[in-house]
Protein chains: 2
Amino acid sequence: MYKISDAARRAALTVKTVRYYADIGLVKPAGRSAAGYRLYAESDIAKLGFIGRARRYSFSIEQCRDLLSLYEDDQRPSAEVKRITLEKIAEIDRKLGELQELRDELRHLAGNCHGDSRPDCPIIGNLASGLTVQ
Amino acid sequence: MYKISDAARRAALTVKTVRYYADIGLVKPAGRSAAGYRLYAESDIAKLGFIGRARRYSFSIEQCRDLLSLYEDDQRPSAEVKRITLEKIAEIDRKLGELQELRDELRHLAGNCHGDSRPDCPIIGNLASGLTVQ
DNA sequence: ATCTAACCTTCTTTTTACAGGAAGGTTAGG
DNA sequence: CCTAACCTTCCTGTAAAAAGAAGGTTAGAT
């Protein structure tokens, strides 16, 4: 059984984060010491690591909660896991499209800005007038 | 002079958002009616629209505050505006790279998942073991 | 004149996923 | 026995609003 800082280190999370996950009931410690310290078992650390990776894949806490229940369920249907993952991919694709548009617009604006100390700036002008770029 | 809902509509923002911008001192209404209603002038609406567009370009509120002061300043040096914009572009590029990596990893995982009711799922397996996806 | 719907106000709470810090108890080593 | 490094709970703060409660105002229709 590991105290919180060992558990955090082994799961590559911060102590604050691990304590937070305990508070919201995502990963509760296996037990407590006589002094009230959280004690984590190996299986808890595996769950924390699982969540850490899923979070890095930008799954939300609630999605992690769903994935974790599938992870803990021996009877888990992979269809459900695949569905959640495909949803996440679609979400990322949408965000990618938006960001690319945004970047291209800003590039265009910056490309037309002489960047000296003259007071007329096409970036400001565009924002002020709401003209469509391009 | 426009009441808040007219101002919001004309700037393509919500009433809540306009009131919020007034609260944080970003765009204060030109005046108040006898009953205490916020009253916005044309120039206020131009500023609100300016901020709305900048926000859609993912400038933070604080960056908007900076841009607005440049916008309001006849002596504004466009170099400063260009610098902020280029910074924003670099930031978006970083985020794009991260998101593409992430999506490719998830695609790989989903591609290897049979997606039926069998309990062995490579997505779960990957998250559980922390194996690197290539 | 009154009714009612649609406004408006301020204030408080909620959201996401923690981070930071205060005040105080515990433990391990020298 | 001292001290440093742990640990605890509780409170506040973050970004940028959204949502809702409780109540005042206004404009048009009856």
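Since we're looking at a predicted model, the values are computed, not measured. Protein chains get the first letters and strands the later ones, always in sequence-line order, with residue 1 at the start of each.
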Sequence-distant partners of A/Asp6, side-chain hydrogen bond (donor to acceptor under 3.5 Å, both in side chains), two or more places apart: A/Arg9
Set of residues satisfying salt bridge (Lys or Arg N to Asp or Glu O under 4.0 Å) with respect to [X], sequence neighbours excluded:
X       : answer
A/Arg65 : A/Glu62
B/Arg32 : none
A/Arg56 : none
B/Asp93 : A/Arg103, A/Arg107

Assign A/Ser33 to base, sugar-phosphate, or nothing according to its heavy-atom contacts below 4.0 angstrom with the strands shown. nothing
Taking the axis from the first five pairs and the axis from the last five, what angle separates them in the helix from C/dA1-D/dT30 to C/dG30-D/dC1, rounded to 10 degrees? 20°
So which pairs with a foot in residues 15-27 of chain A pass side chain to side chain donor-acceptor pair (under 3.5 Å), sequence neighbours left out? A/Thr14-A/Thr17
For the side chain of B/Glu87 and the backbone of B/Ile84, is there at least one donor-acceptor N/O pair under 3.5 Å apart? no
With the side chain counted from C-beta on, respond yes when B/Leu67 and B/Phe59 share a heavy-atom pair under 4.5 Å apart, and no when they do not. yes
Would you jot down, in residue-number order, the residues of residues 2-13 of chain A having a non-hydrogen atom under 4.0 Å from DNA chain D?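 Close to the strand are A/Lys3, A/Ile4, A/Ser5.
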Atom pair CG (A/Asp66) and CD1 (A/Ile61), whose distance is rounded to the nearest 0.5 Å: 11.5 Å
Distance check, rounded to the nearest 0.5 Å: B/Arg55 atom CZ versus B/Ser60 atom OG? 7.0 Å
Rounded distance (Å) that lies between atom P of D/dA15 and atom CZ of B/Arg55: 11 Å
Rounded interatomic separation in angstrom, taking CD from B/Glu62 and C1' from D/dA15: 10 Å
Enumerate the residues from residues 15-32 of chain B whose closest heavy atom to DNA chain C is under 4.0 Å, giving them by residue number; use none for an empty result. B/Arg19, B/Arg32
For DNA chain C, determine which residues of residues 36-43 of chain B have any heavy atom closer than 4.0 angstrom to one of its atoms, and list them numerically. B/Gly36, B/Tyr37, B/Arg38
Start and end of chain A contact along DNA chain C [non-hydrogen atoms, under 4.0 Å]: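 The contacted stretch runs from C/dA17 to C/dT27.
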Kindly give the heavy-atom pair with the smallest separation between A/Ala8 and A/Val15, and that separation in Å.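 Closest pair (atom of A/Ala8, atom of A/Val15, distance): CB-N, 3.9 Å.
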Side-chain donor-acceptor pairs of residues 38-49 of chain B under 3.5 Å, sequence neighbours excluded:
residue : atom : partner : partner atom : Å
B/Glu42 : OE1  : B/Arg10 : NH2          : 3.3
B/Glu42 : OE2  : B/Tyr2  : OH           : 2.5
B/Glu42 : OE2  : B/Arg10 : NH1          : 3.1
B/Asp44 : OD2  : B/Ala30 : N            : 3.1
B/Asp44 : OD2  : B/Ala41 : N            : 2.9
B/Lys47 : NZ   : B/Glu72 : OE2          : 2.8

